[in-house]
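Read through the structure below, which is laid out as structure tokens, and then see the notes.
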Amino acid sequence: MNDEFIGSGWAFPIRTDPTGGIALVTHQREIEESIRLILGTAPGERPMRPEFGCHIHDEIFSAADAATAGRIAADVRTALRRWEPRIELHDVAVTLDPDEPALLYVDVRYTIRSTNEPRNLVFPFYTIPAEVG
């Protein structure tokens with residue numbers, strides 16, 4: 001068996017590697033892609049695992065304000081604590097983009113448990129603003 005396969009996961013989105021096989025990711029990259037996958041999946045989206053995902057998608061039509069940012073931060077904390085056991089979550093900060101009123105940045109700060117390596121990941125979240133007029 002190929003030692004590279006052990007501890008590897010499929011790259012997301014699924015793509016091929018230079019040899020034409022399925023691209024694999026390992027270590028920190030695998031965890032980053034897992035976090036993005038958790039945050040990018042709405043609960044109920046996966047028929048065989050309906051609880052999987054993060055409830056931030058419930059905020060898509062909410063105003064991009066401090067209240068929404070607080071709810072998003074709480075949803076991200078809940079989802080990552082449930083679905084990503086390889087990390088120790090330290091903080092989730094949600095900030096508004098001053099130039100784009102519908103954009104929020106979700107800054108996830110965590111430590112990889114196996115290496116004790118501190119990391120962060122910024123996930124952009126877009127809301128759909130209310131129509132004016």
Side-chain angles (χ1 to χ4, degrees):
M1 178 175 263
N2 185 354
D3 288 336
E4 182 181 321
F5 183 78
I6 298 172
S8 300
W10 284 18
F12 185 81
I14 297 172
R15 56 190 176 271
T16 58
D17 64 14
T19 66
I22 294 174
L24 300 175
V25 292
T26 59
H27 309 296
Q28 298 91 347
R29 181 67 189 251
E30 182 181 17
I31 291 172
E32 286 177 13
E33 290 191 8
S34 174
I35 291 170
R36 290 183 192 281
L37 185 64
I38 292 164
L39 300 182
T41 303
E45 190 174 323
R46 291 186 169 194
M48 303 305 284
R49 199 170 210 178
E51 297 91 23
F52 181 82
C54 182
H55 285 280
I56 61 174
H57 304 280
D58 296 345
E59 304 297 335
I60 195 87
F61 294 107
S62 299
D65 58 16
T68 301
R71 290 190 301 271
I72 288 173
D75 290 340
V76 168
R77 278 187 207 96
T78 300
L80 292 179
R81 285 184 177 137
R82 178 173 184 189
W83 297 111
E84 188 44 85
R86 296 173 293 182
I87 66 169
E88 181 180 335
L89 186 62
H90 296 295
D91 189 31
V92 176
V94 180
T95 56
L96 307 171
D97 186 311
D99 299 323
E100 179 64 46
L103 176 60
L104 296 98
Y105 294 106
V106 181
D107 185 4
V108 179
R109 295 170 193 232
Y110 61 96
T111 299
I112 298 173
R113 291 181 192 272
S114 64
T115 62
N116 204 30
E117 180 182 354
R119 309 277 297 172
N120 79 303
L121 180 137
V122 178
F123 182 83
F125 182 76
Y126 293 88
T127 61
I128 298 175
E131 292 184 19
V132 179

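Nothing fancy with the numbering, it's 1 onward along the sequence.
- Here the closest non-hydrogen pair linking Ala79 and Gly53 is CB-O, 3.5 Å.
- The shortest non-hydrogen separation linking Ala64 to Thr127 is CB-OG1, 4.0 Å.
- The environment of Arg29 atom CZ is sparse: at most 12 non-hydrogen atoms of other residues, nucleotides or ligands sit within 6.0 angstrom.
- To the nearest 0.5 Å, the span separating OG on Ser62 from CD1 on Ile72 amounts to 7.5 Å.
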- Message: Let's go through Arg15 and Glu33 carefully: what are the C-alpha distance in whole Å and the side-chain angles of both, what is the deciding distance for salt bridge (charged side-chain N to carboxylate O under 4.0 Å, His left out) to 0.1 Å, and is it a yes or a no?
- Response: CA-CA 13 Å; Arg15 56 190 176 271; Glu33 290 191 8; 3.4 Å; yes
- Message: Test side chain to side chain contact (heavy atoms under 4.5 Å, CB included) on Asp17 and Leu24; report intermediate values, then the result.
- Response: CA-CA 8 Å; Asp17 64 14; Leu24 300 175; over 6 Å; no
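- The backbone N or O of Pro85 sits less than 3.5 Å from a side-chain atom of Arg113, completing a donor-acceptor pair.
- Put simply, the side chain of Arg77 gets close to the backbone of Val92: a donor and an acceptor are under 3.5 Å apart.
- Judged by distance alone, with hydrogens and angles left aside, the side-chain atoms of Thr111 form no donor-acceptor pair with the main-chain N or O of Glu88 at under 3.5 Å.
- Counting only heavy atoms from C-beta outward, the side chains of Pro43 and His55 approach each other to under 4.5 Å.
- Atom CD of Gln28 is separated from atom CD of Glu117 by 4.5 Å, given to the nearest 0.5 angstrom.
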- Criterion side chain to side chain contact (heavy atoms under 4.5 Å, CB included) on Thr95 and Asp107, from CA distance to verdict: CA-CA 8 Å; Thr95 56; Asp107 185 4; over 6 Å; no
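- The two residues Arg46 and Leu37 make their nearest non-hydrogen contact at NH2-CD2, 3.5 Å.
- Here ring-ring contact (aromatic ring centres under 6.0 Å, His included) pairs that include residues 81-109, with residues two or more places apart or in two chains, are Phe52-Trp83.
- Across all their heavy atoms, Leu89 and Tyr110 have their closest contact at CA-CB, 4.2 Å.
- Two residues are said to be in side-chain contact when any heavy atoms from C-beta on lie closer than 4.5 Å; Phe123 and Val76 fail this criterion.
- Grouping the Ile, Leu, Val, Met, Phe, Trp and Tyr side chains by contacts below 4.5 angstrom, directly or via other members, places Leu80 apart from Val122.
- For the residue pair Asp75 and Thr78, no side-chain donor N or O sits within less than 3.5 Å of a side-chain acceptor on the partner.
- In this structure, Ile112 CD1 and Ile31 CD1 are separated by 4.0 Å, a value rounded to the nearest 0.5 Å.
- Between Asp99 and Asp97, the closest heavy-atom pair is N-OD1, 2.7 Å.
- Scanning both residues, Thr68 and Ala63, for their nearest heavy atoms gives OG1-O, 2.5 Å.
- Here CD of Glu59 is found 12.5 Å from CD1 of Ile128. Values are rounded to the nearest 0.5 Å.
- To the nearest 0.5 angstrom, Arg86 atom CZ is 11.5 Å from Thr115 atom OG1.
- Within the model, atoms CG of Leu39 and SG of Cys54 stand 5.0 Å from one another, a figure rounded to the nearest 0.5 Å.
- Using a 4.5 Å heavy-atom threshold, the side chains of Glu45 and His57 count as separate.
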